[in-house]
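Input: a single structure, listed below in structure tokens.
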Amino acid sequence: MARWTGFLAKVCVAFALGVCGASSLWASQPFTVPDTMAQRAMACTACHGKEGRATNSGFFPRIAGKPQGYLYQQLLNFRDGRRYHSLMSPLLANLSDDYLQTIAAYFAAQDLPYPPPQVRVPSASVAGRAEALVRRGDASRNIPACVSCHGSALTGVQPGTPGLLGLPRDYVNAQLGAWRTGQRQALAPDCMHTIAQRLAVEDISALSEWLAAQPLPASTTAAPAGSVKPPLECGRAAP
């Protein structure tokens, strides 16, 4: 027993000396964090995925490659209370407009591959309902086609309209529902709130399922500014 106690004592002393030695080494060679946007953006990529590319499942959207104006507007919305998320809103609460533009510019410049679409394929009736709304809208309910704002390829339009492909079904469903109920808002005129209120719950379910299942086109970049004339005026902050 005495031998075992003595052995443990020696181990503890060696460990303590090792810790002290390591502490001395750290003190003489301090650890520094690079002051780069990639490093700062780790606060974002912890949820949105490496470099903001996200995945094809869950509630976190892809932010890599989105139009800078759109990203900036959403950062403003989170900061100023038009959108709310328990992590995003406090994270942005004290950031300036200029710094939000810097964040938006960083992620807009990320040109990265998209994940494959979700494998769940909607039924023929669901697909038909969704595609009709996407391509043609519904004049009887004054619902414009999705492509009339988000572009014929649904990859968005510069400078402020996002793409609708490559997003998780649950995220799309949640956002359309939030627009419909007013939990997600934008600067007036809030065109998406107006449109979403005209959608039935079944429309939202069909759209989110269909969009999440669509393959990505060869080019996923947003269409040029001015290439689409939206049927409704939408409010947005000045760039």
Side-chain angles (χ1 to χ4, degrees), residues 47-48 54-63 66-67 70-71 73-74 77-78 81-86 88-89 114-157 160-217 220 222 228 230-236:
C47 292
H48 289 278
T55 67
N56 66 0
S57 61
F59 287 95
F60 297 106
R62 176 192 178 93
I63 53 178
K66 286 283 192 294
Y70 172 75
L71 293 176
Q73 184 66 70
Q74 298 317 303
N77 288 345
F78 277 118
R82 289 179 291 273
R83 271 183 94 173
Y84 178 78
H85 186 273
S86 59
M88 286 287 295
S89 300
Y114 275 72
Q118 291 183 311
V119 295
R120 178 174 172 174
V121 179
S123 66
S125 61
V126 167
R129 182 183 195 130
E131 191 163 12
L133 289 169
V134 168
R135 304 295 180 196
R136 299 183 297 278
D138 186 341
S140 68
R141 291 183 286 165
N142 203 20
I143 298 173
C146 299
V147 295
S148 65
C149 291
H150 295 271
S152 59
L154 297 174
T155 55
V157 180
T161 305
L164 299 180
L165 303 182
L167 294 168
R169 180 194 66 205
D170 291 343
Y171 174 77
V172 176
N173 190 73
Q175 297 313 302
L176 287 172
W179 284 119
R180 187 172 185 265
T181 60
Q183 291 177 301
R184 178 174 175 175
Q185 301 171 17
L187 293 172
D190 192 346
C191 57
M192 274 304 303
H193 174 61
T194 299
I195 294 169
Q197 281 193 311
R198 297 169 184 169
L199 294 171
V201 172
E202 294 78 11
D203 295 327
I204 290 175
S205 178
L207 284 167
S208 57
E209 192 167 338
W210 186 85
L211 288 168
Q214 297 310 297
L216 278 299
T220 56
V228 168
L232 295 176
E233 185 180 353
C234 298
R236 57 172 54 96

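Sequence positions, counted from 1, serve as the residue numbers for this chain. The structure displayed is predicted, hence computed values, not measured ones. What's counted below: heavy atoms across the whole structure, side chains too, no hydrogens, waters or symmetry copies.
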### Query
Pro67 and Gly160: which non-hydrogen atoms are nearest, and at how many Å?
CB-N, 4.3 Å
### Query
Would you say Leu199 and Leu133 make side-chain contact, with heavy atoms under 4.5 Å?
yes
### Message
Side chains of Thr161 and Arg236, heavy atoms from C-beta outward: is any pair under 4.5 Å?
### Response
yes
### Query
Is Asp203 paired with Arg141 through a side-chain N to carboxylate O contact shorter than 4.0 Å?
yes
### Task
Return the minimal non-hydrogen interatomic distance between Ser89 and Phe78, and the atom names on each side.
OG-O, 3.7 Å
### Message
So, taking the atom named CG in Leu164 and the one named CG in Leu176, what distance separates them when rounded to the nearest 0.5 Å?
### Response
8.5 Å
### Residue pair Tyr171 / Phe59: nearest heavy atoms and the distance that separates them
CD1-O, 3.0 Å
### Message
Treating His150 as the side-chain partner and Val157 as the backbone partner, does any N or O pair qualify as donor plus acceptor under 3.5 Å?
### Response
no
### Message
Measuring only between side-chain heavy atoms, which start at C-beta, is Leu187 closer than 4.5 Å to Gln73?
### Response
yes
### Message
Give me the atom names and distance for the closest heavy-atom approach of Leu71 to Ile63.
### Response
CD1-O, 3.6 Å
### Message
I'd like to know whether Arg180 forms a side chain to side chain donor-acceptor pair (under 3.5 Å) with Gln175, so could you lay out the CA-CA distance, the side-chain angles of the two residues, the decisive distance to 0.1 Å, and finally the verdict.
### Response
CA-CA 8 Å; Arg180 187 172 185 265; Gln175 297 313 302; over 6 Å; no
### Task
Verify the distance criterion only: is there a donor paired with an acceptor across the side chains of Arg82 and Gln74 at less than 3.5 Å?
no
### Message
I want to check something: taking the side chain as every heavy atom from C-beta on, are Pro189 and Leu232 in contact at a cut-off of under 4.5 Å?
### Response
no
### Side-chain touch Pro217/Leu165, heavy atoms, less than 4.5 angstrom
yes
### Task
Measure from the side-chain N and O atoms of Ser148 to the backbone N and O of Pro144, and report whether any donor-acceptor pair falls under 3.5 Å.
no
### Summary
Rounding to 0.5 Å, atoms OG1 (Thr220) and CG (Leu154) come to a distance of 12.5 Å
### Query
Without hydrogens or angle criteria, can the side chains of Asn77 and Arg83 be said to hold a donor-acceptor pair below 3.5 Å?
no
#### Entry: Heavy-atom side-chain contact between Asp190 and Trp179 under 4.5 Å
yes
#### Entry: Over all atoms of both residues, closest heavy-atom pair of Gln214 and Pro117
O-CB, 3.4 Å
### Spacing of CZ belonging to Arg136 relative to CD1 belonging to Ile143, to within rounding of 0.5 Å
13.0 Å
### Message
Looking at Cys234 and Cys191, are the sulfur gammas closer than 2.5 Å to each other?
### Response
yes
#### Entry: Under 3.5 Å donor-acceptor, Gln197 side chain and Thr194 backbone
no
#### Entry: Heavy-atom closest contact (Pro168 atom, Phe60 atom, distance)
CG-O, 3.9 Å
### Task
Before giving the answer on side chain to side chain contact (heavy atoms under 4.5 Å, CB included), spell out for Val134 and Trp210 the whole-Å C-alpha distance, their side-chain angles and the decisive distance to 0.1 Å.
CA-CA 10 Å; Val134 168; Trp210 186 85; 3.7 Å; yes
### Query
So, His48 side chain and Arg62 main chain: donor-acceptor pair closer than 3.5 Å or not?
no
### Task
Run the numbers on Leu211 and Leu167 for side chain to side chain contact (heavy atoms under 4.5 Å, CB included), then give the verdict.
CA-CA 8 Å; Leu211 288 168; Leu167 294 168; over 6 Å; no
#### Entry: Stepwise side chain to side chain contact (heavy atoms under 4.5 Å, CB included) check, Val228 with Val147
CA-CA 9 Å; Val228 168; Val147 295; over 6 Å; no
### Query
Once you round to the nearest 0.5 Å, how far does NE2 of His85 lie from SG of Cys47?
7.0 Å
#### Entry: Side-chain touch Cys149/Pro231, heavy atoms, less than 4.5 angstrom
yes
